[in-house]
Amino acid sequence: MFSNIRPLIGVLALQGDFREHLETLEFMGENCCLVKDINSLNQIDALIIPGGESTTLSKLSKAFDLFEPIRNRIQSGLPTYGSCAGMIMLADEILEPASGQESFGGIPMLVRRNAFGSQVESFEQDLDIAGLTYFGNDKSASTKYRGVFIRAPWVEKVAPEVEIMASVEKTGVSHPVMVRYKNLLATSFHPEITADSRIHGFFVDELVKKARV
Ligand code: GLN
């Protein structure tokens, strides 16, 4: 699809840790920019929705007239990756949303916000990620991936066509924390705040450069 040009990857810069996502993409040498308005949204070939607060992302994207345009671009196949609050924004359904809270949608799944508990119950855990063969710039990285979870959601229910790439077990029940559906990727953890760029590498190589249109 992008044989001669380098795709431009935008990071939604309304709220949350968008700078960390941008820095990871810059470190990887990708062509990237912040998305704050309709002009920048119209130029990008892929989008990252950062972690932060999904209720605020929902409100601000409406206030900046970006809600419908982003929803439409995702529906038309824009490769998009959402981390944490970004995962919530990519879910077709949110369990017990805050009043007026809406998601862009795109992945047929139901997510539970703050599923692992409050801020003090934030944690790190080694994950086995199915299909993560991309080792990025860190040649010493192991096949395990250390996930950082901060007031993280989990996937409560998922349509059979959604690929579950990683799960976390809690009281004997396995909860998906990384899913892929067509050109959409979502993690309930935050790769942007670690030095391990494999998740971004996977997104760029597998979902952006080989976009399934
Ligand atoms: N709990 C937040 C929300 O509901 C997500 C937290 C995060 O992105 N670290 O949006």
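Just so we're clear, the structure is a prediction, and the values are computed from it rather than from any experiment. The figures that follow rest on heavy atoms only: side chains count, while hydrogens, waters and symmetry mates do not. Indexing begins at 1, ligand by ligand and atom by atom, following the structure's order.
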What residue and atom, counting heavy atoms only, is the protein's closest point to atom 5 (C) of ligand 1, and at what distance? Gly52 O, 3.5 Å
Hey, is Arg180 close enough to Glu161 for a salt bridge, meaning N to O under 4.0 Å? no
Ligand 1 to Ser54 polar contact by distance, N or O atoms, under 3.5 Å: yes
How far is atom 1 (N) of ligand 1 from its nearest protein heavy atom, and which residue and atom is that? Asn114 OD1, 2.6 Å
Can you tell me which portion of Ile88 lies within the under-4.0 Å heavy-atom range of ligand 1? Options are side chain, backbone, both, or neither. side chain
Check whether Ile38 and Leu8 end up in the same hydrophobic cluster, where Ile, Leu, Val, Met, Phe, Trp and Tyr are linked by side-chain heavy atoms less than 4.5 Å apart. yes
Within-cut-off N or O pair, Ile150 and ligand 1, under 3.5 Å: yes
Taking NZ, NE, NH1 and NH2 as the nitrogens, is one of them in Lys210 or Asp205 under 4.0 Å from a carboxylate oxygen of the other? no
Backbone or side-chain N or O of Arg113 under 3.5 Å from ligand 1 N or O: yes
If you apply the rule side-chain contact (heavy atoms from CB on, under 4.5 Å), what do you find for Trp154 with Val168, and how did you get there? CA-CA 9 Å; Trp154 69 42; Val168 164; over 6 Å; no
Side-chain donor-acceptor contact under 3.5 Å, His21 with Ser83: yes
Are any of the N or O atoms of Cys84 closer than 3.5 Å to those of ligand 1? no
Element-labelled atoms of ligand 1 that are located less than 4.0 Å from some non-hydrogen atom of Gly51: 8 (O)
Can you see whether Gln43 engages Ser40 through a side-chain donor-acceptor pair at a distance of less than 3.5 angstrom? no
